Amino acid sequence: MTDNVEKRAIGKIMRRLIPFLILCYFVAYLDRVNVGFAKLHMNESLGLSEAAFGLGAGLFFIGYFFFEVPSNILLERFGARRWIARIMISWGIVSAAFAFIPSMSAASGISNEWIFYFLRLLLGACEAGFFPGIIFYLTLWFPAVYRARVISLFMLAIPISSIIGSPISGLLLNLSGLSLQGWQWLFICEALPSVLVGFGVLMFLPDFPRQATWLKPDEVSWIQDTLEFERQRTVEAEHISVMQALTDMRILACSVVYFCLNAASYGVAFFLPTIIKAFGVTDTQTGLIAALPFVFGAIGMVLLGRHSDQTGERKIHVAAALTLAAVGIGLAGVVTSPVLIVVLLCLAQIGVSAVPPMFWPMPAGMLTGASAAAGIAAINSLGNLSGFAGPFAMGYLKDLTGGFTAGLLLLAVVGLIGAIVAIRLRIDPRLERSTREPMMAH
């Protein structure tokens, strides 16, 4: 009877929530990284150097950092539905504003470069809280044993957004009209879905299982009883306050791991179209080739996430994936064959894509309640600071050396550091047992 209720409840939640959350993250990630494609023509139009672009691309994560924890705490106070909708609508509006940088510069007298910096900073502030908010939201619906596979399905939005978005971005660069260039149309066309989906969140996402009219009473009871049992087991093992979560050494170590992952991930992602364009291909071909690493990343994400769930082991999986990413990125920086570079970047993306769904269940198993929201947000905000450092280092080293070799080798070293820290993480076995043992009759 219990197994039947569990299957029905989890099945319904998966079908109702996960596709829509994937759509939300799809448009979020697309708006975050489409600046890499816009760069192919935007830099010349706005007069940006490689270092200036890297700085502006990375400033997104500074805004993200300062507003991350407050945003996630407000999400818990106001409810996921309203707060996630606010996040999506505001970032969609700001993302579209990038198309009008030349007009804003002419009207204000402020340089294109500084308006680009300001909008990237503002975009990060608007999006702050979205990803950790979704991770926290999933903990309100899914027992711990399901979370790695659920997060891996949700995070399929990252490779999907690149698999679908890269060719679309390449095509949009060919648009022109109404005195706007292709890179400007790219920002406008890819911002509109964020605003529309944001309004969809208001109508579609319930905050808690008890508000879901599509769940039967016995299904709601099973979910609530299971989650409460897990919460009590975690509290029995260890209680961590909000302030302790923000200063806990394990949380800080997790932040280092996530910092290293994002440095490698975004350092490559923002410059991937430029690396491929240098092969001598068209904008459309650049979009198609840039999608390839994310196809392999999607496959690796699902398979490794499932294996991590089956074995109940997290940190060795995370360390192995980060090592794979470091090897691929580092070797891509020293070879010269375009085909081999793409193959190595595909290998690296398998590692990069696989880490998050295996990584996030670890801190989620350490913390409960408000401390979970604050701890997850702290890891995400501290870790995302590397989203500033990675692109800036790549742009600076590109201007300094004239190529991407130095930047890619630096990112590879950072990835290896993340792997070393991950393998040395100390996770209380009682907490891991409390999130994996089946719920006893009660």
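Everything numeric here is computed off the predicted structure, so don't read it as measured data. Computation of the quantities below employed the complete heavy-atom set of this structure, encompassing side-chain atoms and omitting hydrogens, waters and symmetry-equivalent molecules. We count residues from 1, following the sequence as given.
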Could you tell me if the side chain of [Y] sits less than 4.5 Å from the side chain of [X], heavy atoms only?
X      : Y      : result
Ile62  : Arg120 : no
Phe53  : Leu46  : no
Leu385 : Tyr64  : no
Phe294 : Leu345 : no
Ile379 : Phe359 : yes
Leu23  : Val197 : yes
Phe60  : Glu127 : yes
Phe142 : Ile18  : yes

Original post:
Between Phe98 and Phe116, does a side chain to side chain contact (heavy atoms under 4.5 Å, CB included) hold up when you go through it step by step?
Top reply: CA-CA 7 Å; Phe98 281 84; Phe116 175 64; 3.8 Å; yes
Using atom types as modelled and distance alone, determine if a side-chain donor or acceptor of [X] lies under 3.5 Å from a backbone N or O of [Y].
X      : Y      : result
Ser194 : Gly92  : no
Thr282 : Gln285 : yes
Asp399 : Ala51  : yes

[X] and [Y]: side chain donor to acceptor below 3.5 Å:
X      : Y      : value
Ser176 : Gln181 : no
Trp83  : Ser71  : yes
Glu190 : Ser169 : yes

If you count the non-hydrogen atoms of other residues, nucleotides and ligands that lie under 6.0 Å from [atom1] in [X], is the total more than 12?
X      : atom1 : result
Tyr117 : OH    : yes
Phe20  : CZ    : yes
Tyr396 : OH    : no
Phe67  : CZ    : no

**OP:** Please lay out, stage by stage, how Phe130 and Trp91 fare under the test ring-ring contact (aromatic ring centres under 6.0 Å, His included).
**Re:** CA-CA 10 Å; Phe130 176 74; Trp91 96 50; 5.1 Å; yes
Restricting to non-hydrogen atoms, name the atom on [X] and the atom on [Y] that form the minimum distance, rounded to 0.1 Å.
X      : Y      : value
Val318 : Ala422 : CG1-CB, 4.0 Å
Pro391 : Tyr266 : CG-O, 4.0 Å
Val352 : Pro356 : O-CD, 3.3 Å

**OP:** Determine, step by step, whether Ser255 and Tyr258 satisfy the side chain to side chain contact (heavy atoms under 4.5 Å, CB included) criterion, reporting the C-alpha distance in whole Å, the side-chain angles of both residues, the deciding distance to 0.1 Å, and the verdict.
**Re:** CA-CA 5 Å; Ser255 299; Tyr258 204 53; 5.8 Å; no
Subject >> The single option from Leu411, Leu409, Ile417 passing side chain to side chain contact (heavy atoms under 4.5 Å, CB included) against Val413 >> reply: Ile417
Original post:
Say you draw a straight line from CG of Asn174 to OG1 of Thr284; how long is it, rounded to the nearest 0.5 Å?
Top reply: 4.5 Å
Original post:
Quick one: do Lys39 and Glu50 make a salt bridge, cutoff under 4.0 Å?
Top reply: yes
